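Right, one structure below, let's go through it.
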Amino acid sequence: MRNILFLLLLASVTSSFGQSLKRQTDRLADLLDEVEFQLQNRDLQSSLVSEADVAWHLDHLLKVYVNLHGTLSKSNPAAYQRKANFTRGVVFATGVIPRGRAQAPASVRPPDNISTQAIQEQLAQARGLLTEFEKLDPKANYDHAVFGPLRRNQVVKFIAIHTHHHLKIVEDIVAAHKGD
């Protein structure tokens, strides 16, 4: 088991070197297209999958995206301190965030009433930020509560993993309704 975990961690470290920022932002663009597509399902909910409805997941993932870009743009690149982090290594290597393990911080929790217009505005803002990531210093950083310090490219990768995580939940909610 220890050998498998070591290989996952090694794969994470080496895979992040091979991924260009352009490739990562292209992935984000595709994920944002999926967010827009899923907006039609905004009112669906399945307590078997999640306590939150589709709109909550879409609003949340967009808040994380926009807030992380803002945090990167205000960060001090000289303050970045690289630290090894086992959990980050596993999540970045697998691209999977385990479900039900974390609570969203208050700053990225959606309001009780989520309008379609609010989601659309955040989606437009997120799309506008796609090309802005490359303008940031590569050592622009964010200190994640679980993953520790992340550089710009790692933050973009995290946003993609996080967005995909919530879109999978959305897909499961939608699939639960197709079975009705």
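What you are looking at is a predicted structure, and each value in this text was computed from that prediction instead of being measured. Throughout, numbering of the chain's residues begins at 1 and tracks the sequence.
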(request) Rounded to the nearest 0.5 Å, what's the gap from NE2 on His177 to CD on Gln45? Could you check? (result) 7.5 Å
(message) I'd like to check His69 versus Leu136 (side-chain heavy atoms, cut-off strictly below 4.5 Å). Are they in contact?
(response) yes
(message) For a 4.5 angstrom cut-off between non-hydrogen side-chain atoms, does Val35 reach Tyr65?
(response) no
(request) Answer whether the closest heavy-atom distance between the side chains of Asn153 and Pro138 falls below 4.5 Å. (result) no
(message) Distance check, rounded to the nearest 0.5 Å: Thr116 atom OG1 versus Glu121 atom CD?
(response) 11.0 Å
(request) Could you tell me whether Asn113 atom CG has more than 12 heavy atoms of other residues or ligands within 6.0 Å of it? (result) no
(request) Please lay out, stage by stage, how Lys22 and Asp26 fare under the test salt bridge (charged side-chain N to carboxylate O under 4.0 Å, His left out). (result) CA-CA 6 Å; Lys22 173 73 172 122; Asp26 286 348; 2.8 Å; yes
(request) Measure the NE2-CD1 distance between His57 and Ile114 for me, rounded to the nearest 0.5 Å. (result) 9.5 Å
(message) Donor-acceptor check, side chain of Asn85 to backbone of Arg88, threshold 3.5 angstrom: yes or no?
(response) yes
(request) Verify side-chain contact (heavy atoms from CB on, under 4.5 Å) between Asn41 and Val170, making sure each step is shown before the conclusion. (result) CA-CA 9 Å; Asn41 298 310; Val170 166; 5.5 Å; no
(message) For the backbone of Ala160 and the side chain of Arg27, can you confirm whether one donor and one acceptor N or O come within less than 3.5 Å of each other?
(response) no
(request) Drop me the distance from Gln125's CD to Glu132's CD, to the nearest 0.5 angstrom. (result) 11.0 Å
(request) Measure the acute angle between the ring planes of His60 and His166, then classify it against the limits of 30° and 60° as parallel, tilted or perpendicular. (result) perpendicular
(message) Membership question, hydrophobic clusters at under 4.5 Å side-chain separation (ILVMFWY): are Val91 and Val146 in the same one?
(response) yes
(message) Restricting to ring-ring contact (aromatic ring centres under 6.0 Å, His included), what partner residues turn up for Phe158, sequence neighbours left out?
(response) His144, Phe147, His162
(message) I'd like to check Lys178 versus Val174 (side-chain heavy atoms, cut-off strictly below 4.5 Å). Are they in contact?
(response) yes
(message) Show the nearest heavy-atom pair for residues Ser50 and Ile169, with the distance to one decimal.
(response) CB-CG2, 3.9 Å
(message) Looking at every heavy atom in both Arg99 and Val49, which two are closest together, and how far apart are they?
(response) NH1-CG1, 4.1 Å
(request) Using modelled atom types only, decide if a donor and an acceptor are shared between the side chain of Tyr80 and the backbone of Asn141 within a distance under 3.5 Å. (result) no
(message) Please report the interatomic distance CD(Gln120) to OG(Ser115), rounded to the nearest 0.5 Å.
(response) 8.0 Å
(request) Taking the side chain as every heavy atom from C-beta outward, state whether Asp53 and Ile173 have any atom pair closer than 4.5 Å. (result) no
(request) Quick one: pull up OG1 in Thr25 and CG in Leu130 and give me the separation to the nearest 0.5 Å. (result) 6.0 Å
(message) Tell me if a side-chain donor or acceptor on Arg109 pairs with a main-chain N or O of Ala104 at a distance below 3.5 Å.
(response) yes
(message) Looking only at side-chain N and O atoms, does Gln122 offer a donor or acceptor that is under 3.5 Å from a partner on Asp59?
(response) yes
(message) How close do Gly148 and Asp143 get, counting heavy atoms only, and between which atoms?
(response) C-OD1, 3.2 Å
(request) Give a yes or no on whether the backbone of Ile97 and the side-chain of His165 come within a donor-acceptor separation of less than 3.5 Å. (result) yes
(request) Grab the two heavy atoms, one from Ala140 and one from Ser75, that are nearest each other, plus how far apart they are. (result) CA-OG, 3.3 Å
(request) Report yes if some heavy atom in the side chain of His164 is under 4.5 Å from a heavy atom in the side chain of Ile161; otherwise report no. (result) no
